[in-house]
Amino acid sequence: MTKTATTTPTATGGIWLLEETPVGTVFTPERLTEEHHLIDQTAEEFVSNEILPNHDRLETKDWTLARRLVSRAGELGLLATDVAEEHGGLGLDKASTVVVGTRLGQAGSFGSTFGAHTGLTILPLHCFGTDSQKRRYLGKLVSGEWVGAYCLSESSSGSDALGAKTRATRQSDGSFVLTGEKMWITNGGFADLYVVFAKVDGEAFTAFLVERDSLGVSTGKEEHKMGLHGSSTTPVILQDVNVPSENVLGDVAKGHKVAFNTLNYGRFKLAVAATGSATIAIGEAAKYAAERQQFGRPIACFGAIKHKLGEMTVRTYVVESMIYRTTGLLDSTLAGHDPADAGPLRAILEDLAAECSILKVAGSEMLHYVLDENVQIHGGNGFVKDYPAERHYRDSRVNRIFEGTNEINRLLIPGTLIRRSLAGSLPLIDAAKRLQNEIMDPPTLAAASDTPLAEQLRIVAALKKTSVLVLGLAVQRYREKISEQQELLAYAADILIDTFGAESAVLRASQAVVDAPHNESLHTDAASTYVNEAAERIQTAARSALASMDHGDTLRLNLTALRRLLKFTPVDTVSMRRRLADATVDRGGYIFR
Ligand SMILES: Cc1cc2nc3c(=O)[nH]c(=O)nc-3n(C[C@H](O)[C@H](O)[C@H](O)COP(=O)(O)OP(=O)(O)OC[C@H]3O[C@@H](n4cnc5c(N)ncnc54)[C@H](O)[C@@H]3O)c2cc1C
């Protein structure tokens, strides 16, 4: 495997909102290379032949088997995509990581084991480790000889991660003594290396590398969970554990950098895994709908079922489009940099924090929708264990809880952009003021375009303006006190998620003329359906947001501006979803792979 690069514009988080992204410049799944497809095949065979046949055994908590499978993933190079060759990795592009992560998202509980090991242990070591830490640990983790875990949460501090009580007491020889208890730790029961967050002398939040063999480290009982029974989740207990100073990861008092940048990447990768799971469920639903007869016909013939299959496909398509667009931004920024130099990756992960949170919320909620409809299409069989739909549904619920709950991520999406705006690095307020004047000027209202995608692009431009208007007014109204307006921030987040999704989907569909001519019209159907529904949702959310900020003449003026912006004629989404559903049933699975 060699390093490959993609060609997309260099990233600046949030700037897509204020600038036009030209058609032809975004990375999409259709632009994966032959090499990516080979990596995909390796990952697919690993999941199909080695993980899924062992899934029931993993659910009995056979951690010896789990460790063996991690080590097998290591042999195949699947743990190594993010790590430089000199540290035992393959130094590949992020598109390769996405390809592998998508397949591992189809591996049930093992996907969590894999995610905590690669995204939450290998990644922070790669990004923040010293040369000697990398030499000492990365090789073992990348080969799968050792398994990693990430210990941030505590019973009294989950969302409020910086409120951790675990203490690191500095010793006269420079070492630290760690005391505390971490909760809900994935791979807790069998990991060899823990990334532990603790406060030095009760104050300075800091990350440490703690070996399982260290005196004073123990783990509690396995949690009895709703799902993910084949993944270990335990408390990790630290009783006067001596940790040498060379095992501080990053800098003392800079643990938040390690924690949050790791979570940014973790959020991105959670969405990646969600698309993998969603495509499996779409395949199950399509096959079941084709076979199951009611009233003398396969249920796939019924419009109500076509609606579900069509919408499952649309939502998966959109999240996939956002992921690949973001992957292109990551890879174009990292292209030309030495993979061993983690500085550019740290910078870009911080830069794309809002996009990573968008993906986390959109990915987990898309998956929840898809798996819920998969159960529904299976009827009574969806509720019993004989079919996998029931397990998928239970396994996925936690996606809306871990890697930052969706409430916290919703606050972060507009919060990050507003912070940049107040710091002067993202000109949101000026853009909103310009827009208010511009919207009141009737000649700026473009006529409906004649081709379907040109019309969708025009609507997307209006959605972006709506986002800027709402965000800009919110910043002007509340400035630093905006964090107290959570409901308003949540409306803004929903508008931003739908806007980024709509634009990413339409850009991808516009490129399908060249990149996927065989099913270009289905790309158009998927993107157009989403834009249509997103525009309706955005209109509702924007009206509520504006009404929460102003009243009387000001509100009426802003609502007039909104009406002028969001003038569009609905498209026939019924026919579009039917075509998507029929193609999905014909194929027996997701149609855009
Ligand atoms: C299966 C599983 C695996 C996990 N793996 C790991 C792991 O490997 N490592 C690790 O460190 N942790 C892990 N976690 C923990 C997980 O990250 C936390 O559960 C999560 O961050 C939420 O924290 P909490 O449970 O304390 O909920 P709380 O923070 O108590 O939240 C409860 C509710 O209040 C809301 N809320 C909280 N604060 C606010 C706010 N300021 N504004 C608005 N709403 C708010 C939340 O959104 C949520 O709806 C795991 C959890 C599970 C269930």
Side-chain angles (χ1 to χ4, degrees), residues 58-59 61 66 108-124 147-166 180-191 193-198 205 207-208 210 219-238 249 255-256 258-267 269-270 273 357 360-361 364-365 368 391 394-415 482-493:
L58 284 174
E59 292 221 330
K61 311 210 184 301
S109 298
F110 188 77
S112 276
T113 306
F114 177 87
H117 179 72
T118 54
L120 300 182
T121 313
I122 289 178
L123 195 274
V147 177
Y150 181 79
C151 307
L152 177 62
S153 304
E154 299 181 6
S155 60
S156 60
S157 58
S159 300
D160 181 17
L162 299 184
K165 293 204 173 78
T166 297
E181 184 168 331
K182 296 291 174 177
M183 274 291 281
W184 303 296
I185 304 308
T186 303
N187 296 347
F190 58 90
L193 185 70
Y194 300 102
V195 176
V196 176
F197 293 85
F205 192 73
F208 296 88
V210 180
T219 55
K221 281 194 194 137
E222 287 289 342
E223 301 291 348
H224 293 289
K225 296 173 297 198
M226 176 192 287
L228 294 181
H229 295 320
S231 146
S232 169
T233 311
T234 68
V236 171
I237 301 146
L238 304 140
L249 182 61
H256 61 288
V258 181
F260 297 143
N261 281 321
T262 302
L263 285 177
N264 284 341
Y265 201 50
R267 287 165 185 161
K269 289 182 73 175
L270 182 145
S357 287
K360 197 277 173 173
V361 175
S364 59
E365 294 183 2
H368 185 74
R391 177 170 54 74
R394 284 187 291 99
D395 282 352
S396 85
R397 183 60 183 84
V398 73
N399 283 308
R400 285 160 55 201
I401 297 171
F402 58 22
E403 305 277 353
T405 65
N406 284 15
E407 290 75 22
I408 295 294
N409 275 289
R410 275 196 164 82
L411 298 176
L412 289 172
I413 294 164
I482 187 82
S483 60
E484 289 159 26
Q485 304 300 322
Q486 289 201 347
E487 298 91 331
L488 174 57
L489 288 170
Y491 284 131

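Reckoned from all heavy atoms, side chains included, excluding hydrogens, waters and symmetry mates. Each ligand, and each atom within it, is numbered from 1 in the order the structure gives.
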> So, for Phe205 and Ala161, which heavy atoms are closest and what is the spacing to 0.1 Å?
Replying inline: CE1-O, 3.7 Å
> Which atoms from ligand 1 have a heavy atom of Gly158 less than 4.0 Å away?
Replying inline: 21 (O), 23 (O), 24 (P), 26 (O)
> In ligand 1, which numbered atoms sit nearer than 4.0 Å to a non-hydrogen atom of Phe402?
Replying inline: 2 (C), 3 (C), 4 (C), 16 (C), 17 (O)
>> Under 4.0 Å from a heavy atom of Thr405: which atoms of ligand 1 are those, numbered in the order shown and with their elements?
In response: 22 (C), 46 (C), 47 (O)
> Are any of the N/O atoms in Asp160 less than 3.5 Å from those in ligand 1?
Replying inline: no
> For atom 23 (O) of ligand 1, is some protein heavy-atom partner under 4.0 Å away?
Replying inline: yes
> Within 4.0 Å of atom 30 (O) of ligand 1 (strictly less), any protein heavy atom?
Replying inline: no
> Is the closest protein non-hydrogen atom to atom 4 (C) of ligand 1 under 4.0 Å?
Replying inline: yes
> To which protein heavy atom is atom 20 (C) of ligand 1 closest, and what is the distance rounded to 0.1 Å?
Replying inline: Ile401 O, 3.6 Å
> Among protein heavy atoms, which sits nearest to atom 52 (C) of ligand 1, and what does the distance come to when rounded to 0.1 Å?
Replying inline: Val398 CG2, 3.9 Å
>> Under 4.0 Å from a heavy atom of Tyr150: which atoms of ligand 1 are those, numbered in the order shown and with their elements?
In response: 7 (C), 8 (O), 9 (N), 10 (C), 11 (O)
>> Could you report the tightest heavy-atom contact between Glu222 and Gly189, atom names first, then the distance?
In response: OE2-CA, 4.1 Å
>> Just verifying a value: how many Å separate Ser231 OG and Glu223 CD, rounded to the nearest 0.5 Å?
In response: 11.0 Å
> Tell me: protein heavy atom nearest atom 8 (O) of ligand 1, and distance?
Replying inline: Thr186 N, 3.0 Å
>> What verdict does the side-chain contact (heavy atoms from CB on, under 4.5 Å) test give for Leu263 and Glu403, after you've listed the backbone C-alpha separation in whole Å, the side-chain angles of each residue and the deciding distance to 0.1 Å?
In response: CA-CA 6 Å; Leu263 285 177; Glu403 305 277 353; 3.5 Å; yes
> Is atom 35 (C) of ligand 1 close to the protein, meaning a heavy atom under 4.0 Å from it?
Replying inline: no
Identify every side-chain donor-acceptor pair in residues 111-120 under 3.5 Å, counting partners at least two apart or on other chains, and give the distances.
from: His117; atom 1: ND1; to: Gly148; atom 2: N; distance (Å): 3.0
from: His117; atom 1: NE2; to: Leu141; atom 2: O; distance (Å): 2.8
from: Thr118; atom 1: OG1; to: Phe114; atom 2: O; distance (Å): 2.8

> Tell me: protein heavy atom nearest atom 13 (C) of ligand 1, and distance?
Replying inline: Trp184 O, 3.1 Å
> Judged by non-hydrogen atoms, does Leu228 sit under 4.0 Å from ligand 1?
Replying inline: no
> Taking only heavy atoms of Glu407, which atoms of ligand 1 are found under 4.0 Å from at least one of them?
Replying inline: 46 (C), 47 (O), 49 (O)
> In the protein, which heavy atom is nearest to atom 43 (C) of ligand 1, and how far is it?
Replying inline: Gln486 OE1, 3.3 Å
>> So does Asn399 get a backbone contact from the side chain of Lys360, meaning a donor-acceptor N/O pair under 3.5 Å?
In response: yes
>> For atom 17 (O) of ligand 1, tell me which residue out of Ser153, Gly188, Ser112 has the closest non-hydrogen atom.
In response: Ser153
> Any side-chain heavy-atom pair from Val398 and Met226 closer than 4.5 angstrom?
Replying inline: no
> Can any side-chain N or O of Ser109 pair as donor or acceptor with the backbone N or O of Gly230 at less than 3.5 Å?
Replying inline: yes
> Quick check: does any side chain N or O of Glu181 sit under 3.5 Å from a backbone N or O of Pro235, one acting as donor and the other as acceptor?
Replying inline: no
> Hey, does Thr233 come in under 3.5 Å of ligand 1, counting only N/O atoms on both sides?
Replying inline: no
> Counting N and O atoms only, with roles assigned by atom type, does the side chain of Asn187 sit under 3.5 Å from a partner on the main chain of Ala149, one being a donor and the other an acceptor?
Replying inline: no
>> Does any N or O of ligand 1 fall below 3.5 Å from an N or O anywhere on Leu152, backbone included?
In response: yes
> How long is the gap from OG1 on Thr234 to CE on Met183, to the nearest 0.5 Å?
Replying inline: 9.5 Å
> When you measure from atom 39 (C) of ligand 1 to every protein heavy atom, which one gives the shortest distance, and what is it?
Replying inline: Ile408 CD1, 3.7 Å
> Counting only N and O atoms by type, is there a donor-acceptor contact under 3.5 Å from the side chain of Tyr265 to the main-chain atoms of Pro124?
Replying inline: no
>> With rounding to the nearest 0.5 angstrom, report the OH to CD1 distance, Tyr150 to Ile122.
In response: 15.0 Å
> Nearest protein heavy-atom contact for atom 28 (P) of ligand 1: which residue, which atom, what distance?
Replying inline: Ser159 OG, 3.7 Å
